[in-house]
**Student:** 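One structure, pasted below without further comment.
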Amino acid sequence: MTGQERSEEKSECVSLSPMMEAVPAPPESERVCVFGTGDMGRSLGLRLLQAGYGVVFGSRRPHSSSSLIPHGAQVLGHAAASQSAHLIFIAVQREHYDFLVPLANQLKGKVLVDLSNNLRKNQYPEANAEYLQSLVPGAEVVKGFNTLSAWSLQNGPSDANRQVYICGESVEAKQAVIAVAIKLGFSALDQGFLSVARELEDFPLQLFPQWRLPLRIAIGLSAAFFFYLLIRDIIYAYVTQSKDISFRIMVSLANKVCPIVSLIMLSLCYLPGVLASFLQLYRGTKYRRFPDWLDRWMLCRKQLGLLALGFAFLHVLYTLIIPIRYYVRFKATERTVSVIRENRTTQFDTTTAWRGDSYLSLGILGFGLYVLLGITSLPSVINTLSWREFSFIQSKLGHLTLLLCTAHTYLYGWNRFLSSSTYKWYTPPGYMLCLVLPSVVLLLKLLHTHTQNNTLSVMTALSLRGWLPFNHRLPCFWDQKPTITFN
Amino acid sequence: MTGQERSEEKSECVSLSPMMEAVPAPPESERVCVFGTGDMGRSLGLRLLQAGYGVVFGSRRPHSSSSLIPHGAQVLGHAAASQSAHLIFIAVQREHYDFLVPLANQLKGKVLVDLSNNLRKNQYPEANAEYLQSLVPGAEVVKGFNTLSAWSLQNGPSDANRQVYICGESVEAKQAVIAVAIKLGFSALDQGFLSVARELEDFPLQLFPQWRLPLRIAIGLSAAFFFYLLIRDIIYAYVTQSKDISFRIMVSLANKVCPIVSLIMLSLCYLPGVLASFLQLYRGTKYRRFPDWLDRWMLCRKQLGLLALGFAFLHVLYTLIIPIRYYVRFKATERTVSVIRENRTTQFDTTTAWRGDSYLSLGILGFGLYVLLGITSLPSVINTLSWREFSFIQSKLGHLTLLLCTAHTYLYGWNRFLSSSTYKWYTPPGYMLCLVLPSVVLLLKLLHTHTQNNTLSVMTALSLRGWLPFNHRLPCFWDQKPTITFN
Amino acid sequence: MTGQERSEEKSECVSLSPMMEAVPAPPESERVCVFGTGDMGRSLGLRLLQAGYGVVFGSRRPHSSSSLIPHGAQVLGHAAASQSAHLIFIAVQREHYDFLVPLANQLKGKVLVDLSNNLRKNQYPEANAEYLQSLVPGAEVVKGFNTLSAWSLQNGPSDANRQVYICGESVEAKQAVIAVAIKLGFSALDQGFLSVARELEDFPLQLFPQWRLPLRIAIGLSAAFFFYLLIRDIIYAYVTQSKDISFRIMVSLANKVCPIVSLIMLSLCYLPGVLASFLQLYRGTKYRRFPDWLDRWMLCRKQLGLLALGFAFLHVLYTLIIPIRYYVRFKATERTVSVIRENRTTQFDTTTAWRGDSYLSLGILGFGLYVLLGITSLPSVINTLSWREFSFIQSKLGHLTLLLCTAHTYLYGWNRFLSSSTYKWYTPPGYMLCLVLPSVVLLLKLLHTHTQNNTLSVMTALSLRGWLPFNHRLPCFWDQKPTITFN
């Protein structure tokens, strides 16, 4: 932010360039080489310069490139450049790697950092870094820095892109790369040998891998309930009363599908936690792994919850525009007119008022908590919470939200549960169907809390779960489980 | 995120394990020992391995544990393991510390890092770290890393959990631990001697310490106004007109309590800043400490403001559902019917339209700014603001929000302030009561801005306050004050 | 957060102070000196102590200052203090720099870090750091740390304020300062020679430099459309029908201006990306710089988008309160009454219902996506996204939002486009004017996607743009472009 302002005004910097080169060169250990003068190479070079390294660019056309590179850096031909440093960043696309073959001799013993990425998964038979190693067998190839963009290199590391993943065969080579990463402000994670390179190269190609299952569930549920309600509401009216109320698809139907999907997904978000607790109670230990399907389910609770919040948000908007709708305004006028013309008297019903207001109030409070859960799942907010606070919000407040939303739906149904006219074509309305799962989750949760309190003395380990950093096999309601497995 | 994907697909990693051990062991200074193979121990061990350390686990049953520990690490018995490194992380629960007593000799001169936490405050007479020191008097005990969860160790440091707090008697021991912390990507803060250990052990047990006072104020105000309005509205109607309008509790009453509490809390959020300014003017210096109650009040302004935003959000929802309510729809029909039956003509009143629309518009703009204040108080957004920008938003826009919301409430009252029918049982309505505080705050602020401008030449120090990093004794409207005191 | 709790309870710390001084002093290389015992000096000193440095304060009145400084630090006179360390932080305001002149001899060869800031831009003829250098010519002056507040020094580095910018003539001096910054948990960026100091000193005085252009556009558009609609709606009614409908300014007019400005600004946010793509297609290369006006435009897309979201939010609120308005309720009653009195029958029109509901539904979905775009532009959320994910959301979902909102506006117009009564005084209504730009952007985008697919084989470079870290000259729809230029 501030950097931009600076760069816009920086004019005296141009004159610094010649002076910079007059400065005595840093020792070889503090000098690195960058092959390639594209965006990535130049951004990396600038960052290296700013961290105090001497930087020598290697280029095919050193003379024409010299205008492109950041001030304070040198450009030489590849062969000459490679002699000036022990560590060489290869910021070149894989297709052009063959220029390295004639340099194989000069590169012997050097550490080559492969920064390249591909355009799609499985584009080449082997990882770029392995290919590079095969071209220059005498060098120590380290894969790394490829998950960073030129943008994040220029703007400096922040939160999630502070981590640099590296892999390679040589421990010494990796330690040299780690040292550079730390000096640039990154934190390096050694992922193992060069065979992991392919995985590292697939990272930047990911498109929401964790959101896929929750999105599929959301789309599946929406489609199922849409067609169910289409048949029950619109087609039923057309078949039995020959009325065309298809316009209801746009708002009324949408406003039925949204809350139904939202409530089901919210309970799906809390069901695996309850299941896991029971599994642990049944097994009598918290130290055995969960079955894979449960693990995968627990890993996507956050996404399930956020999608549920999205549907709840749409439900709120669809509800609030009700009085603006032409249909609703038309009906209101029609009702008043009919009261007058038929000379009826209307009677205020306190029970209906109580029920309606309670229904709305529960919905509002439930949505308020829903939004609170959403806000506390923002990465920067999570980070300010202690473990116990996070667990309190996501578990206690989460189940309270589920309770309020379920009660809101029960009040919506009210006495229609027993009326036979509700069951058109012998099918229950959507809100009844969607009440099954949350009711089960709340019941199980109640049961489990009860059971757990009784067995507390026997199974201390279990009761410790969830809120101590030190004991948290099952801590994360709604959030991600530890990501690394120990095979 | 990306790490999970990897772990799910990582199968070739299994084969790396034997090769890893073939790698020549790092020197002793680069080798650390971890006692305990639980979640915390394994997560820490993995992180250490990834940062390039050699890791030796100490375990009671080294053979059965070897399948649990991360690849590349060794497992030995406790005695053997302790010989391999100078630094030993004790990732074991306090109850099992007695296994260290027979090792006291081997541990002499070693640095023991106590990572343990307790289940509740004051669980034991002395801090775990002090207990550990008493068991192994010859070792240098350092308390630290206990505020991290295994989860944050595996996912890497981020924002708020980048800081590791340590304490201990030996400066050298602490420096060794700090060096490891930095290499793992954390930033270590030396908190002093081992007597601070108890405080560090209480950290993860905190449950919103800063939210308690604001929450109590919010609950107290809500309860007080709820009963006040219950008596004034519902009980009054029941006693004087024998009408049962109790159904209004759910929405009407809630929609009176919410805005009242919101406005009072918003002014409570800005009152201490104004008081502090006057105190400084009165004292003639900005270099004296504020009284304790004012300090504590200023420390919870952010929480006061966010709770006020929450109540405002509920008020908006409660207001927007008004036209959907049964009662409101019933009344509308009744009114229209009575117009017809009594053959009245209705007259459009432009003043009422102006007042009503202005009232709504001010409310909308006030709420918009309210939300903006909320968004800019998100940790990650604060971090992108310069000091002057933050101060501008929280002070200038904050007072503007208060002004808009206060004007919104005055317009709500309008001419009812003078009508005697407003004062049922001689009590003023709720919105009048809640106008007192914000009016006072706005007046004082106006007065202070005026005074300050006049005395600017005399008291330069004061006028500098608030927007320069270098001069900010009183900088933080709405946000936290510096947290460490210099006694 | 946790730190505060601690400091409030820390009482035993007082007793630590004398013991701390008994500890053997660290070697000179690990000792630093701080001149000045104000907020900044003390915060910096405390942080240095916590990171393991020995700290010696220099003060005019060492005896009276000793009660102010953090425990574990020493206070000496300036001359004595300067002898104890190689690195001296000058945490003093520029006006008091003259006390350094008599120390010039002692300071010869020392590294002086200038932390000062000014009250306004161009307050002094030369930068504070350059002035300092002129006073103490024998010392190595490094400008730095001035962008940090005492607050961020005490609370530790986080996200955006992790970076410390430094500049100075001597490479060795800068490396010494960088080393300290890294140990304190910051990441240092060398910005060049001391001539850059002025820019660094202007940083903390910035007030939303990036928001200025977007805010001016927003205010300009709002004012223009406000007056246009004022004339067309209110003055037109007054002139032609002598009706005073001025009360409409507060809600009706505001609710026309908000969506119009929102839609125009959303298209302004996507227009430069489309223009840039065409420019690259036309030029046949992605390696040439864009013209300056396009660069500046692309740099403020995020701000344009967020302001557009703000206007959309107000539009939603203004729309949702429609049924609560006095005018609307009055009209509804009047309509019903006239139906009765004139004994008309009302006919339900399915087309109107379809149109109205579709219009509302598109608006809701558009606003939902709008909010999603806003959430994903939060700094902490951006950081969790891979490059491809970010680009997917901001480009694909962004254009979808624009499409939905444009369709929403077309449906609002519906058949009024052709009715001559729409064109009062021969002017088109506001919503028609605002449809021009989004229609053009969507058309160009469609055209470009089509063209690009056809020329894919020829211009691989272009097709790679936007989602690979390695190839992203044109990556950032809606977000910031790389901030540093290579002249």
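Atoms considered below: every heavy atom in the structure, side chains included; atoms not considered: hydrogens, waters and symmetry mates. Below, read A as the first sequence line, B as the second, and so on, with proteins coming before strands; counting in each chain starts at 1.
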**Student:** Suppose we screen for salt bridge (Lys or Arg N to Asp or Glu O under 4.0 Å). Which residues come up paired with Arg94(C), at least two apart in sequence or across chains?
**Tutor:** Glu126(C)
**Student:** Answer with side chain, backbone, both or neither: which region of Arg344(B) has an atom nearer than 4.5 Å to a non-hydrogen atom of chain C?
**Tutor:** backbone
**Student:** Side chain, backbone, both or neither: which part of Val371(B) has a non-hydrogen atom closer than 4.5 Å to chain C?
**Tutor:** side chain
**Student:** Where on Ile178(B) is there a heavy atom nearer than 4.5 Å to chain C: the side chain, the backbone, both, or neither?
**Tutor:** side chain
**Student:** For chain C, find which of Ile166(B), Thr352(B), Leu372(B), Thr345(B) contributes the most heavy-atom pairs closer than 4.5 angstrom.
**Tutor:** Thr352(B)
**Student:** Applying salt bridge (Lys or Arg N to Asp or Glu O under 4.0 Å), name anything that partners Glu95(C), two or more places apart in sequence or on another chain.
**Tutor:** none
**Student:** Give, as side chain, backbone, both or neither, the part of Phe208(C) having an atom under 4.5 angstrom from any heavy atom of chain B.
**Tutor:** both
**Student:** Contact part of Leu317(C) toward chain B, heavy-atom cut-off under 4.5 Å: side chain, backbone, both or neither?
**Tutor:** both
**Student:** Answer yes or no: is there a side-chain heavy-atom contact under 4.5 Å between Leu46(C) and Arg42(C)?
**Tutor:** no
**Student:** Can you say whether Ser246(C) sits under 4.5 Å from chain B via the side chain, the backbone, both, or neither, judging by heavy atoms?
**Tutor:** both
**Student:** Pick one: which of Asn146(C), Asn128(C), Thr147(C) meets side chain to side chain donor-acceptor pair (under 3.5 Å) with Asn117(C)?
**Tutor:** Asn146(C)
**Student:** Please name all residues satisfying ring-ring contact (aromatic ring centres under 6.0 Å, His included) with Phe348(B), sequence neighbours left out, ordered by chain then number.
**Tutor:** Phe247(C), Tyr326(C), Tyr327(C), Phe330(C)
**Student:** For residues Val339(B) and Arg341(C), determine if any side-chain heavy atom of one lies less than 4.5 Å from a side-chain heavy atom of the other.
**Tutor:** yes
**Student:** Measure Leu369(B) against the heavy atoms of chain C and call it side chain, backbone, both or neither at under 4.5 Å.
**Tutor:** neither
**Student:** With rounding to the nearest 0.5 angstrom, report the CG to NE2 distance, Leu309(C) to His315(C).
**Tutor:** 12.5 Å
**Student:** Name the region of Thr333(B), side chain, backbone, both or neither, that has any atom closer than 4.5 Å to a heavy atom of chain C.
**Tutor:** neither
**Student:** Can a salt bridge be assigned to the pair Lys331(C) and Glu334(C) using a cut-off of 4.0 Å between side-chain N and carboxylate O?
**Tutor:** yes
**Student:** Per the side chain to side chain contact (heavy atoms under 4.5 Å, CB included) rule, which among Ile322(C), Val316(C), Leu314(C) passes with Asn255(C)?
**Tutor:** Ile322(C)
**Student:** Identify which part of Val328(B) has an atom lying under 4.5 Å from any heavy atom of chain C, answering side chain, backbone, both or neither.
**Tutor:** neither
**Student:** Quick check on the structure: residues of residues 354-363 of chain B within a heavy-atom distance below 4.5 Å of chain C, by number.
**Tutor:** Trp354(B), Asp357(B), Ser358(B), Leu360(B), Ser361(B)
**Student:** Among Ile245(C), Leu320(C), Asp244(C), which residue has the highest count of heavy-atom pairs closer than 4.5 Å to chain B?
**Tutor:** Leu320(C)
**Student:** Could you state the interatomic distance from CD (Glu169(B)) to CG (Leu194(B)), rounded to the nearest 0.5 Å?
**Tutor:** 5.5 Å
